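I have placed the structure first, in the form of structure tokens, so that the comments after it can refer back to it.
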Amino acid sequence: QVQLVESGGGLVQTGGSLRLSCEITGGTSGTAAWFRQAPGKEREFVASIRWFDANTRYHDAVKGRFTISRDRAKKIVYLQMNSLKFEDTADYYCAFTLRSYNSGSTYVRDPLKYDYWGQGTRVTVSS
């Protein structure tokens, strides 16, 4: 059994930075990811990271601006968000699966491939 708790959301100005955290309880290996969902929109893949070697994948919209990382000892997944845009405004969710997916696989961006989800944390970027 795996449990996830997100934190770090808030209000930030356009061009600012924010770091989200996801604390993981349980699990020994697998793939972690961040998804986001804006009001009236479908859940969208943001970034993923393979636990054992930190292999990563990003949505094109956030490449060069966001960085996903993990602390293996603390079992925390981070999402460092820089150069934030108004379009980044959404509820951000941490997800996890015990499967170790390759970053080149379509599996990593499919929310149906993730078995565990956090409660979400809200990010609001003001223009």
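Note that the structure is a prediction, hence the values are computed from the model and not measured.
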Check whether [X] reaches the backbone of [Y] with its side chain - one donor and one acceptor, N or O, closer than 3.5 Å.
| X | Y | value |
| --- | --- | --- |
| Thr14 | Ser126 | yes |
| Arg65 | Ala61 | yes |
| Arg70 | Trp51 | yes |
| Lys75 | Gly27 | yes |
| Glu6 | Gln119 | yes |

Grouping I, L, V, M, F, W and Y whenever their side-chain heavy atoms are under 4.5 Å apart, do Phe45 and Val123 come out in a common cluster?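 Looking at the clustering, Val123 is in a separate group from Phe45.
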Do Leu79 and Tyr101 sit in the same hydrophobic cluster, where Ile, Leu, Val, Met, Phe, Trp and Tyr count as joined when their side-chain heavy atoms come under 4.5 Å apart?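 Different clusters: Leu79 never reaches Tyr101 through Ile, Leu, Val, Met, Phe, Trp or Tyr contacts under 4.5 Å.
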Taking atom [atom1] of [X] and atom [atom2] of [Y], what is their separation to the nearest 0.5 Å?
| X | Y | atom1 | atom2 | result |
| --- | --- | --- | --- | --- |
| Phe35 | Arg109 | CZ | CZ | 10.5 Å |
| Thr67 | Asn82 | OG1 | CG | 6.5 Å |
| Arg50 | Ile68 | CZ | CD1 | 13.0 Å |
| Trp117 | Thr97 | CH2 | OG1 | 11.0 Å |
| Asn55 | Asn102 | CG | CG | 5.5 Å |
| Gln1 | Asp115 | CD | CG | 12.0 Å |

Under a 4.0 Å threshold between the charged nitrogen and the carboxylate oxygen, would Asp110 count as salt-bridged to Lys113?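 Between Asp110 and Lys113 there is no salt bridge, as every charged N stays at least 4.0 Å from the carboxylate O atoms.
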Does the distance from a Lys or Arg side-chain N to an Asp or Glu carboxylate O, for Asp60 and Lys63, drop under 4.0 Å?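 Between Lys63 and Asp60 there is a salt bridge, with a charged N closer than 4.0 Å to a carboxylate O.
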Asp88/Lys85 under salt bridge (Lys or Arg N to Asp or Glu O under 4.0 Å): CA gap, chis, key distance, verdict: CA-CA 5 Å; Asp88 295 318; Lys85 305 175 180 179; over 6 Å; no
Taking C-beta and beyond as the side chain, do [X] and [Y] meet within less than 4.5 Å on heavy atoms?
| X | Y | result |
| --- | --- | --- |
| Ser7 | Thr121 | no |
| Ile76 | Ile24 | no |
| Phe96 | Thr31 | no |

Looking at every heavy atom in both [X] and [Y], which two are closest together, and how far apart are they?
| X | Y | value |
| --- | --- | --- |
| Ala32 | Val77 | CB-CG2, 3.7 Å |
| Val2 | Leu98 | CG2-CD2, 4.2 Å |
| Asp71 | Lys74 | OD1-N, 3.0 Å |
| Leu20 | Tyr92 | CD1-CB, 3.6 Å |
| Val108 | Tyr114 | O-OH, 2.7 Å |
| Val125 | Thr89 | N-OG1, 3.0 Å |

Test Cys22 against every option in Trp34, Tyr78, Tyr93 by the side-chain contact (heavy atoms from CB on, under 4.5 Å) rule and name the one that passes.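 Per the side-chain contact (heavy atoms from CB on, under 4.5 Å) rule, the option paired with Cys22 is Trp34, out of Trp34, Tyr78, Tyr93.
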Between Arg19 and Gln80, is there a side-chain donor-acceptor contact under 3.5 Å, judged purely by atom types and distance?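 There is no such pair (donor and acceptor under 3.5 Å, judged by atom type) between the side chains of Gln80 and Arg19.
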Should we count CD of Glu44 as having more than 12 external heavy atoms under 6.0 Å?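 Atom CD in Glu44 is packed in, count exceeds 12.
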Got a sec: does the CZ of Arg99 have more than 12 other heavy atoms crowding it under 6.0 Å?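 No, not enclosed.
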